[in-house]
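Below is one structure; the comments refer to it alone.
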Protein chains: 2
Amino acid sequence: MKKYEMSDEEKKFLAGYDLTKYDRPSVAADVVVFSVMKDDECEDARRLQEKKLKILLIRRGGFPYKGSWAMPGGFCRKGEDVIDSARRELCEETGIDDAYVKLVGVYGEPGRDPRGWVISSTYMALMNARACRLKAGDDAQDARWFTVELTDVSTEATEVSGTGEENVKNEVEASHKVQNGKKYRLVLKNADSDIKLTAVLRRTDMSSCGRSSDSYYIEECEGLAFDHARIITEAVLGLREDVRRDMELAFDLLPERFTLTELQNVYEQIWDMELTTPNFRRKIAEYVEETDAYQAGERYRPAKLFTRRKDARK
Amino acid sequence: MKKYEMSDEEKKFLAGYDLTKYDRPSVAADVVVFSVMKDDECEDARRLQEKKLKILLIRRGGFPYKGSWAMPGGFCRKGEDVIDSARRELCEETGIDDAYVKLVGVYGEPGRDPRGWVISSTYMALMNARACRLKAGDDAQDARWFTVELTDVSTEATEVSGTGEENVKNEVEASHKVQNGKKYRLVLKNADSDIKLTAVLRRTDMSSCGRSSDSYYIEECEGLAFDHARIITEAVLGLREDVRRDMELAFDLLPERFTLTELQNVYEQIWDMELTTPNFRRKIAEYVEETDAYQAGERYRPAKLFTRRKDARK
DNA sequence: GGAATAGTGTCTTTCAGACATTATACC
DNA sequence: GGTATAATGTCTGAAAGACACTATTCC
């Protein structure tokens, strides 16, 4: 940034100025790390294994939320922009320093961290799983990849109770739901260890304190630290939107060369829906270019490898 | 948020824990306030006056950047979420407490504030100009609306200089531009006072420190405080994108009832392009509903007033 | 009737979805 | 030839863009 030139009067003012006399928060940079990879353990010979969308979580070795799982992150250092703190934390955990990194949100709700006033600036990162080398797992460091399932359960029937009165209440709640809001179930699973983390999120009613972009509050939560269930939910929804706007983001989740089937699978994982192959290929054609190479080691017809097209016309 | 339950061991740990022994930044919440309104002074009788997209800026009465123009904002208070700080500042300046508010970005670049380590969490707000009541203008408080012009000048010819050597340099820069980036000119004007603020922004090269969402650095700047030229640029680009994704955002810039011509004008202002009326009306039909009322006080055929349709199917 | 704005009808092109079909590998 | 995957061709309907046209108001 261009240096700002000060008058002597201003220099004098600043010399006597002390920001630190006011209350200040601690600021953390946290990262929702996305990648796409196989569940390595079930390398069965039956069929081509689908790669799954996963996020990286770390088991907390100390208080607070000791034993719970949390996103990688840490406090910002003076002299470092916040996004660079996120990149530093990301690199420390994964060894990757050139991932795509983008802001997800700022989380500063009072009480979100029992240690005190901590504001989290949260980023999402997209990386190629093959390039990632997780930090060795010592005692304080248990980092694992979890599959992500985020499903809309807004319209699911409320559990029907015995009494008529409760039924009426459920109907009122149901109609409220239709008006006000989405409800999501988040399930994160690590296949190696059978660890399963779950949460239920509801979109906050926006009529009270002004409208704002979607934001969710935690109704139930199992095994996730702090408000990370909420943050992960918003990150996954944000990723879906971002990729819809810019298809090219998906390339950051894959190696340099890939088959079109692999690429299609990435979009299917992100959007949690099936795509029809011919339509997908027509759409993606402008973003990719052929190489001379073919995929090796598969059982049936080998697929051509593609790379990202640098000069994609937009 | 649900209360987290602690063990005695954890309570003991937290009692001895002091976040404040680490370096902490000051955190500010700033707001890019958008509205759509006429230039009141040129109420000429020739033709219907177009309303323009404007942002609200405040002339700084003290150091640093005394006399420059800045977004409304202020430091976050303990016990207050960051977006609520933004809403509070917004309400103090405009009297509006129910605007649409959304995060734009987090700005923490070292040196961005000469007073010290200050991280700005910046929001955009959309409001109906008619509901807005600006804080009375005392000495320290000069708040004005500025028209926004943000134009892409990436492909504009570099000024040709005399010597051949400089020409070569210009060509290299030009080819670099094609690869790497957009360049924007931001012009903010207040018609009452003939104040004109200008800046030139260039998208930062993303090949060095990893890819991330668009971010701009200030090449030239006249009259805008801190890094606000950059932030405003990113807010305007963000607004364009957001409205493209969700057409309904435009309603937050208008009163309860409006004509379709007014509504079309809002989109034309935001996107800085002309829309063809029949196509626009076909597209917008699902979001609006007729009222029985007609616009009063215009010179020719009166236009029907519409309201936002609450149950718009998405 | 003229001028200015409000509002509609329709043709064409483009693009997304559905789905049938062919191609190539290994067994 | 059987099977599983890779890759392509084509029909259809919806939506986007272009643009000519009608309607209503004041003068």
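Here the structure is a predicted model, which is why all the values come from computation and not from measurement. So you know, we letter chains A, B, ... as the sequences are listed, proteins then strands, and number each from 1.
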Quiz item: Picking from D/dT25, D/dA6, C/dA6, which would you name as closest to the side chain of A/Thr261?
Solution: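 Closest nucleotide to the A/Thr261 side chain: D/dA6.
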Return the value, rounded to whole Å, for the distance between atom [atom1] of [X] and atom [atom2] of [N].
| X | N | atom1 | atom2 | value |
| --- | --- | --- | --- | --- |
| B/Phe280 | C/dG9 | CZ | P | 18 Å |
| B/Ile284 | D/dG17 | CD1 | P | 13 Å |
| A/Phe258 | D/dA7 | CZ | P | 12 Å |
| A/Met273 | C/dA16 | CE | P | 13 Å |
| B/Gln264 | C/dG7 | CD | P | 11 Å |
| B/Tyr300 | C/dA4 | OH | C1' | 5 Å |
| A/Tyr294 | D/dA7 | OH | C1' | 11 Å |
| A/Arg299 | D/dT3 | CZ | P | 17 Å |

Quiz item: Can you list every pair that meets salt bridge (Lys or Arg N to Asp or Glu O under 4.0 Å) and has a residue in residues 258-283 of chain B, with sequence neighbours left out?
Solution: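 Output for this query lists B/Lys51-B/Glu262.
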Exercise. Measure from the side-chain N and O atoms of B/Tyr267 to the backbone N and O of B/Val243, and report whether any donor-acceptor pair falls under 3.5 Å.
Key: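 Checked: no pair found.
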Quiz item: Do side-chain atoms of A/Glu248 reach the backbone of A/Tyr287 as a donor and acceptor pair under 3.5 angstrom?
Solution: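 Not a single qualifying donor-acceptor pair exists.
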Practice problem: Using the closest heavy atom to pick a nucleotide of DNA chain D for each, name whichever of B/Arg301 or A/Arg281 lands nearer the 5' end. | Solution: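 Checking each residue's closest nucleotide, the 5'-ward one belongs to A/Arg281.
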Quiz prompt | Sequence-distant partners of A/Asp252, salt bridge (Lys or Arg N to Asp or Glu O under 4.0 Å), two or more places apart | solution =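 A/Asp252 satisfies salt bridge (Lys or Arg N to Asp or Glu O under 4.0 Å) with B/Arg211 once adjacent residues are dropped.
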Quiz item: At under 4.0 Å, does any side-chain N or O of A/Lys283 touch on OP1 or OP2 of C/dC15?
Solution: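 Indeed not, no polar side-chain atom of A/Lys283 lies that close.
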Quiz prompt | Presence of donor-acceptor pair under 3.5 Å, side chain of B/Arg282 and base of C/dG7 | solution =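 A donor-acceptor contact between them is absent.
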Quiz item: At under 4.0 Å between heavy atoms, what does B/Pro278 touch on the DNA or RNA strands: base, sugar-phosphate, or nothing?
Solution: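 Since a base atom lies under 4.0 Å of B/Pro278, the category is base.
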Quiz item: Less than 4.0 Å between a side-chain N and a carboxylate O, is that true for B/Arg230 and B/Glu234?
Solution: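 Counted as a salt bridge, because a side-chain N and a carboxylate O are separated by less than 4.0 Å.
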Exercise. Would you kindly compare B/Thr259 and A/Asn279 by the position of their nearest DNA chain C nucleotide and give the one closer to the 5′ end?
Key: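 The answer here is B/Thr259.
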